[in-house]
Amino acid sequence: MLLGGTLAACTSNDGQVAPSPTTESHPPVGPVPAVPPGLARFYGQSMTWSDCAPYATSDDAQSAFRRSDIQCARLTVPLDYGKPDGQTITLGVLRHKASEPDDRIGSLVVNPGGPGASGTVAAAGLIDQVKNNDLGKRFDLVGFDPRGIGASEPQIRCLTDPERDADRADDSETDGSPQGVAKQEGHEKDFAAKCAQRTKYGDDMLEHVGTRDVAKDLDVLRSVLGDEKLTYLGYSYGTRLGSTYAEEFPRNVRALVLDGAVDPIQDSEDSLVAQGQGFGGAFTQFAKWCAAQQDCALGNNPADATKQFQDLTRPLIDFPVPVGDGRKLSYEDATTGAIQALYQQNLWEYLNTGLKELRRQRGATLEKLADIYNERGPDGRYGTTQDAFTAIRCVDDPPVTDPQEILAAQEKYVRVAPFLDDGRPASAAKDACAFWPVPNTSRPHEPSVEGLPKTLTISTTNDPATPYQAGVNLAKALKGSLLTFEGTQHTVFLQGNSCVDKAGIAYLVDGTTPPDGTRCAGS
């Protein structure tokens, strides 16, 4: 169990003495006109800030927390906001304080998306990007691990590490026969049951891990940090959290930057197809880039790249390639590795290397890319992001149970992302959400945001995971400003593009939004 504080004499990993634990408290701040009934003790709680090392629950976290200029604490929130006197849970929170406290504006709270990714790790990773600009000087940079994730307790737990390895090695999902469908649905039922059995508080916890509950946690955090209004940066799924908060607490918003938007009105099937279209477009861009290289694994004709990719990967369904330590590269892992590489152009070289290796019946690079996607460390231990992703998705959206809808979505998906077509009949198997032990607590809809100040949505023209139009739709739904980035990557703010960064920082500092129609070009 992680502890909220450490001894004052301990030393952080960079060799500097870690700061002594400090306890801070603020009067409950908002929401207007008052703190919700029964929640005053949460909105006005104290937090003890101390060394972050005890909060690391993954290799990524251990690496990210090796700094002496950060502090961590625990935030206590109700498991069920309808029962504020009932069971409580805790959230891990990380802070990097403003370097110019006399000019401090407040806290900038970051969520990296997923759903299921760690906000503490994300915030630590952004420090070097903001420390020399007005964000680092005038804001405390704050990340929190949403309920069930990372340093938050309890964690969502579904599969063991060996079970996750076995699941990745099993390509039975490519079998669309009645027997294959029955096998797949058996696996999905088993997964859902294990999530309830292995997660502390079981069904009660799973029922309350959705975005609506996390938005309420975010408002408690805002108050405990001493901020009258929220300044927030959300990436990818973090845009859904941001828009949900905006709908729940519109008058508590100071500024929202939403980068790589999730369309608020798109159902899970349409969202899947739209994402497939994004990855299909990114693969096309990769194929053009690859064809210009001297040693492209897919040849020098971009029009032939899809067939070349299929010819390399489809045989893995029946003949996986050994990669050492008793593991084999499955078709699922090969395509997952490709998807991981398509998120950012700086990974395209690794994808080309992996595909060249596959021509020689080797799979180490693609397996490594798939390990990164699945958060598998060198020691074989997994993070919990994939378990949390499913748990959150299953309560955020209604389940899809009609086999014909499932088949139609899969057929549309391979039409827009043909490189991911495995060449076999589509499967009508229902996923884990169809067998989830608790009902969904939300559904896609147009947010109602009366009283919301101007927001800034950033959308990338060739975003592989959250297509450009989703950002257009979100900006319109929030009656906010849209900034367009012309590039092929997933999210862009604070990643080195001066045009985007200048616009986003100006908005967060003084509320200035870019003129309508503003576009920033990639390098």
Side-chain angles (χ1 to χ4, degrees), residues 29-32 75 77 91 93-96 98 104-115 117-120 122-123 125-126 129-130 134-136 138-147 149 211-262 264 447 449 451-459 466 471 474-475 477-483 491-494 500-501 503-513:
V29 184
V32 178
L75 180 75
V77 295
L91 312 181
V93 184
L94 178 145
R95 176 177 71 180
H96 176 267
R104 180 181 177 275
I105 295 171
S107 305
L108 172 59
V109 181
V110 178
N111 180 277
S118 167
T120 58
L126 284 174
Q129 279 68 53
V130 305
D134 277 346
L135 297 187
R138 306 191 64 186
F139 289 94
D140 293 347
L141 184 65
V142 175
F144 74 105
D145 289 347
R147 49 178 58 206
I149 295 163
T211 304
R212 291 230 170 262
D213 284 286
V214 177
K216 292 181 173 67
D217 296 340
L218 184 54
D219 200 54
V220 173
L221 176 62
R222 171 198 59 78
S223 177
V224 174
L225 292 171
D227 292 340
E228 181 179 350
K229 293 181 181 292
L230 176 72
T231 304
Y232 174 84
L233 167 59
Y235 294 101
S236 195
Y237 158 83
T239 66
R240 180 163 181 172
L241 175 57
S243 64
T244 300
Y245 183 92
E247 182 173 39
E248 188 79 13
F249 306 103
R251 289 173 174 79
N252 292 358
V253 171
R254 178 187 170 275
L256 299 179
V257 171
L258 306 174
D259 183 4
V262 173
V449 291
L452 182 70
K454 203 75 168 177
T455 61
L456 176 61
T457 298
I458 303 171
S459 200
T466 51
L474 181 62
L478 297 180
K479 302 178 177 63
S481 181
L482 174 70
L483 174 64
T491 74
V492 61
F493 184 51
L494 299 180
V500 172
D501 290 351
I505 292 170
Y507 165 72
L508 287 170
V509 171
D510 58 28
T512 303
T513 55

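- Legend: residues meeting ring pair (Phe, Tyr, Trp, His ring centres under 6.0 Å) with Y245, ordered by chain and number and at least two apart, are F249.
- To the nearest 0.5 angstrom, K454 atom NZ is 12.5 Å from T512 atom OG1.
- The minimum heavy-atom distance between N111 and Y232, with the atom names listed, is CB-OH, 3.2 Å.
- Taking each heavy atom of A246 and L452 in turn, the nearest pair found is CB-CD1, 3.7 Å.
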Report task. Would you please test V500 and I458 for side chain to side chain contact (heavy atoms under 4.5 Å, CB included) and show each step? Result -> CA-CA 8 Å; V500 172; I458 303 171; 4.0 Å; yes
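- Listed here is the closest heavy atom pair of S243 and L474: CB-CD1, 3.9 Å.
- Taking each heavy atom of V214 and P146 in turn, the nearest pair found is CG1-CB, 4.1 Å.
- Between the side chain of D134 and the main chain of A506, no donor-acceptor pair closer than 3.5 Å is present.
- Interatomic distance, CG of L256 versus CG of L230, reported as 6.5 Å (0.5 Å rounding).
- The existence of a salt bridge linking D219 and R222 is confirmed by a sub-4.0 Å separation between a basic side-chain nitrogen and an acidic carboxylate oxygen.
- To the nearest 0.5 Å, atom CG of residue D259 and atom OH of residue Y235 are 6.0 Å apart.
- Among all heavy-atom pairs drawn from Y237 and G114, the shortest one is CB-N, 3.8 Å.
- Under the side-chain contact (heavy atoms from CB on, under 4.5 Å) rule, L141 has a single partner from L233, V110, L135, which is V110.
- Partner F493 forms a side-chain contact (heavy atoms from CB on, under 4.5 Å) with one of L456, L126, I505 and no other, that one being I505.
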Query raised in the report: Hey, mind stepping through L478 and L258 against side chain to side chain contact (heavy atoms under 4.5 Å, CB included) and telling me if it holds?
Result: CA-CA 11 Å; L478 297 180; L258 306 174; 3.5 Å; yes
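- For E247, the salt bridge (charged side-chain N to carboxylate O under 4.0 Å, His left out) criterion is met by R212, not counting sequence neighbours.
- Going from atom CG of D213 over to atom CD of E248 covers 9.5 Å, rounded to the nearest 0.5 Å.
- Residues that satisfy the side chain to side chain contact (heavy atoms under 4.5 Å, CB included) test with T231, not counting sequence neighbours, are L108, F139, R254, A255, L508.
- Under the 3.5 Å distance criterion, with hydrogens and angles disregarded, a donor-acceptor pair is assigned to the side chains of D145 and T120.
- No side-chain heavy atom of T239 sits less than 4.5 Å from a side-chain heavy atom of T457.
- Put simply, CG on L75 and CG on L218 are 10.0 Å apart, with the number rounded to the nearest 0.5 Å.
- Contact detail for I149 and A117: the closest heavy-atom pair is CG2-O, 3.9 Å.
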Report task. Any chance you could lay out the side chain to side chain contact (heavy atoms under 4.5 Å, CB included) test for D227 and V109, step after step, and finish with the verdict? Result -> CA-CA 11 Å; D227 292 340; V109 181; 5.6 Å; no
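- Atom CZ of R95 is separated from atom CG of L225 by 7.5 Å, given to the nearest 0.5 angstrom.
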